[in-house]
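All figures in this text were calculated on a predicted structure; none of them were measured in a lab.
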Amino acid sequence: HLFNYPLKRLITGLHYNRYPHMVAVWMWLAALSVPVICLVKGASRVLGWACLAGVAILCVAGVSLNSDMEKEEHMCYDFMVRYNMWNRIMMKADRRNPDKPFTVCCLNLALGQSGRMEQHQFDYFQNGPQGLLPDFMRDCTSPLPTAEAYWALGMVNTAQRYYFEAQEAIPDFQKSARCYKRLAETNIVNEDLQVARKYLIPLTRTLFYKGWAEKTLAAVNDGSIGSWPEYSKEKALRFKENDFLFSDKEMDSMLGKLYLENRDNRLALDYLVSYALLGKDIPRFAEFLSLYPGAPLPKPYQEAFMLYWAS
């Protein structure tokens with residue numbers, strides 16, 4: 001009578017599980033085991049300890065059998081991208097080469113951000129342009145590393161769209177403080193301060209983002225936010241003219257435009273040249289080399305140019 005939820009969801013706990021159509025049977029069995037063990041242990045100490053050992057074995061077996069280790073690896077890479085742990089990403093890739101667009105995207109971003117992409121990208125498995133900037137997938141996790149790559153490149157509006165769509169795809173319709181933070185930042189860079197406040201005010205009531213949100217909101221209100229280095233840098237990287245149709249099917253043109261508008265955006269150049277190589281478009285790669293500053297060329301680029309020259 002008081003809450004607009006089905007009785008089944010009220011009994012199993014609102015928002016405890018992200019997927020509302022599922023009931024976590026193991027969770028309820030584990031909870032039920034506590035009073036059962038207490039009752040059994042009161043009757044017989046040996047039987048109680050045996051029950052406890054049985055529950056422990058069942059829990060370990062249940063977690064082992066039901067864990068999706070590929071998803072766990074994805075979340076690990078996403079965590080490291082979120083906190084800019086570029087060296088740790090490469091160390092993890094050295095131990096086990098990533099082979100999915102999600103994880104390869106994280107690795108390529110780490111290589112680019114640490115200045116190692118041009119020399120070492122092909123030391124690792126590459127699955128074509130999809131490992132550089134994967135296509136958008138409508139779920140709440142896959143777009144996040146790609147959004148970080150767009151943000152690092154200076155494609156602020158595309159990063160904003162990816163973060164917004166990722167948040168809207170959360171199955172239980174909750175909001176993500178991580179997405180709220182980045183959406184506030186994209187609007188700060190775009191100088192849509194009123195919209196930025198919309199995201200910052202709820203963050204001031206969170207546990208982990210409160211300090212950052214209060215400080216940022218104060219800077220937005222007093223007009224000093226424009227002098228913050230991270231946002232000044234992002235404004236310098238972004239497209240100078242937004243009056244054009246962005247197409248992720250013509251990413252080489254988008255990256256080329258981004259680099260030509262700011263020749264200091266070395267990450268955009270690395271992604272531009274890599275996009276041609278990963279797409280096996282050698283003539284296009286040779287054309288992009290005219291943009292490359294200085295000599296000598298990295299060894300992988302020399303090899304690709306020899307292939308172009310020979311053909």
Side-chain angles (χ1 to χ4, degrees), residues 15 18 78-79 81-84 105 109 113 133-248 251 254-255 257-259 261-262 264-265 267-268 271:
H15 306 311
R18 170 156 280 187
D78 182 48
F79 174 83
V81 167
R82 181 179 184 179
Y83 292 104
N84 301 334
C105 170
L109 180 58
Q113 290 286 58
L133 293 167
D135 289 337
F136 176 79
M137 296 179 62
R138 188 172 175 77
D139 62 59
C140 56
T141 54
S142 298
L144 297 178
T146 314
E148 285 294 330
Y150 282 124
W151 172 260
L153 285 164
M155 296 183 180
V156 178
N157 291 343
T158 308
Q160 185 180 73
R161 179 169 65 88
Y162 270 60
Y163 269 107
F164 185 84
E165 293 291 346
Q167 179 172 256
E168 292 306 302
I170 294 175
D172 59 355
F173 312 112
Q174 295 299 292
K175 300 301 179 185
S176 163
R178 174 187 180 181
C179 291
Y180 257 51
K181 178 178 185 289
R182 191 60 94 195
L183 288 168
E185 291 178 315
T186 57
N187 282 285
I188 288 171
V189 172
N190 285 334
E191 299 180 357
D192 294 328
L193 299 184
Q194 194 60 38
V195 181
R197 289 187 187 94
K198 184 187 80 171
Y199 292 110
L200 288 170
I201 291 171
L203 288 175
T204 61
R205 299 191 290 270
T206 60
L207 181 61
F208 298 109
Y209 292 84
K210 179 180 179 179
W212 175 87
E214 289 178 343
K215 181 181 176 183
T216 307
L217 184 60
V220 167
N221 289 334
D222 64 23
S224 63
I225 192 71
S227 62
W228 284 26
E230 57 266 40
Y231 302 133
S232 300
K233 177 185 176 183
E234 198 67 32
K235 285 181 182 179
L237 293 177
R238 67 176 178 166
F239 289 112
K240 301 296 183 290
E241 176 56 57
N242 284 315
D243 189 16
F244 67 95
L245 182 63
F246 182 90
S247 172
D248 56 5
M251 190 55 67
M254 302 297 105
L255 290 166
K257 177 178 173 61
L258 191 68
Y259 177 69
E261 291 184 353
N262 184 350
D264 293 329
N265 191 347
L267 186 64
Y271 267 63

* Asked: To the nearest 0.5 Å, how far apart are CG in Leu237 and CG in Leu258?
  -> 7.5 Å
* Asked: Rounded to the nearest 0.5 Å, how far apart are CD1 of Ile188 and CG of Leu200?
  -> 5.5 Å
* Answer yes or no: does atom CZ of Phe173 have more than 12 heavy-atom neighbours from other residues, nucleotides or ligands under 6.0 Å? => no
* To do: Keeping the roles fixed (side chain from Glu234, backbone from Val189), state whether a donor-acceptor pair exists under 3.5 Å.
  => no
* Asked: Quick one: are Thr158 and Phe246 in side-chain contact, heavy atoms under 4.5 Å?
  -> yes
* Reported SG-to-CG distance for the pair Cys105 and Asp78, which is rounded to 0.5 angstrom -> 10.0 Å
* Looking at Tyr199, Phe164, Trp151, which hits side-chain contact (heavy atoms from CB on, under 4.5 Å) with Arg182? -> Trp151
* Asked: Is Gln113 close to Asn84 at the side-chain level, that is, under 4.5 Å between some pair of heavy atoms?
  -> no
* Asked: Are the side chain of Thr216 and the backbone of Ala213 linked by a donor-acceptor contact shorter than 3.5 Å?
  -> no
* Structure fact -> Minimal heavy-atom distance between Gln160 and Leu183, with the atoms involved, is O-CD2, 3.6 Å
* **Approximate separation, where rounding is to 0.5 Å, of Thr206 OG1 and Lys175 NZ** => 15.5 Å
* Are side-chain heavy atoms of Leu203 and Lys210 found at a separation under 4.5 Å? -> no
* **Side-chain donor-acceptor pair present, Tyr209, Glu214, cut-off under 3.5 Å** => no
* Could you tell me the separation between the NZ atom of Lys257 and the CG atom of Asn262, rounded to the nearest 0.5 Å? => 12.5 Å
* Asked: With distance as the sole test, does Gln167 use its side chain to make a donor-acceptor pair with the main-chain N or O of Cys179 at under 3.5 Å?
  -> no
* Structure fact -> Note: Ser232 and Ser227 closest approach over all heavy atoms is OG-C, 3.9 Å
* Going by heavy atoms in the side chains, are Pro171 and Cys140 under 4.5 Å from each other? -> yes
* Would you call Leu133 and Asp248 a side-chain contact if the rule is heavy atoms closer than 4.5 Å? -> no
* Asked: Can Lys233 be said to sit on top of Trp228's aromatic six-ring, NZ or CZ under 6.0 Å from centre and within 45° of the ring axis?
  -> no
* Return yes when atom NZ of Lys215 has more than 12 non-hydrogen atoms of other residues, nucleotides or ligands closer than 6.0 Å, and no otherwise. => no
* Mind checking whether Met155 and Met251 have side chains closer than 4.5 Å, heavy atoms only? -> yes
* Do Glu165 and Arg161 meet the salt-bridge criterion of a basic N to acidic O distance under 4.0 Å? -> no
* Side-chain donor-acceptor contact under 3.5 Å, Arg238 with Asn190 -> yes
* Does Ala159 offer a backbone N or O that forms a donor-acceptor pair with the side chain of Thr186 under 3.5 Å? -> no
* **Under 3.5 Å: donor-acceptor pair, side chain of Ser142, backbone of Asp139** => no
* Asked: How many angstroms lie between OH in Tyr162 and CZ in Phe136, if you round to the nearest 0.5 Å?
  -> 7.0 Å
* To do: Identify the residue among Glu148, Lys181, Glu185 that makes a side-chain hydrogen bond (donor to acceptor under 3.5 Å, both in side chains) with Tyr163.
  => Glu148
* Asked: ring pair (Phe, Tyr, Trp, His ring centres under 6.0 Å) between Tyr259 and Tyr271: does it pass, once the steps are laid out?
  -> CA-CA 10 Å; Tyr259 177 69; Tyr271 267 63; over 10 Å; no
* For the pair Asn265 (side chain) and Leu153 (backbone), establish whether a donor and an acceptor sit closer than 3.5 Å, ignoring hydrogens and angles. => yes
* To do: Answer yes or no: is there an ion pair linking Lys235 with Glu191, defined by an N-O contact shorter than 4.0 Å?
  => yes
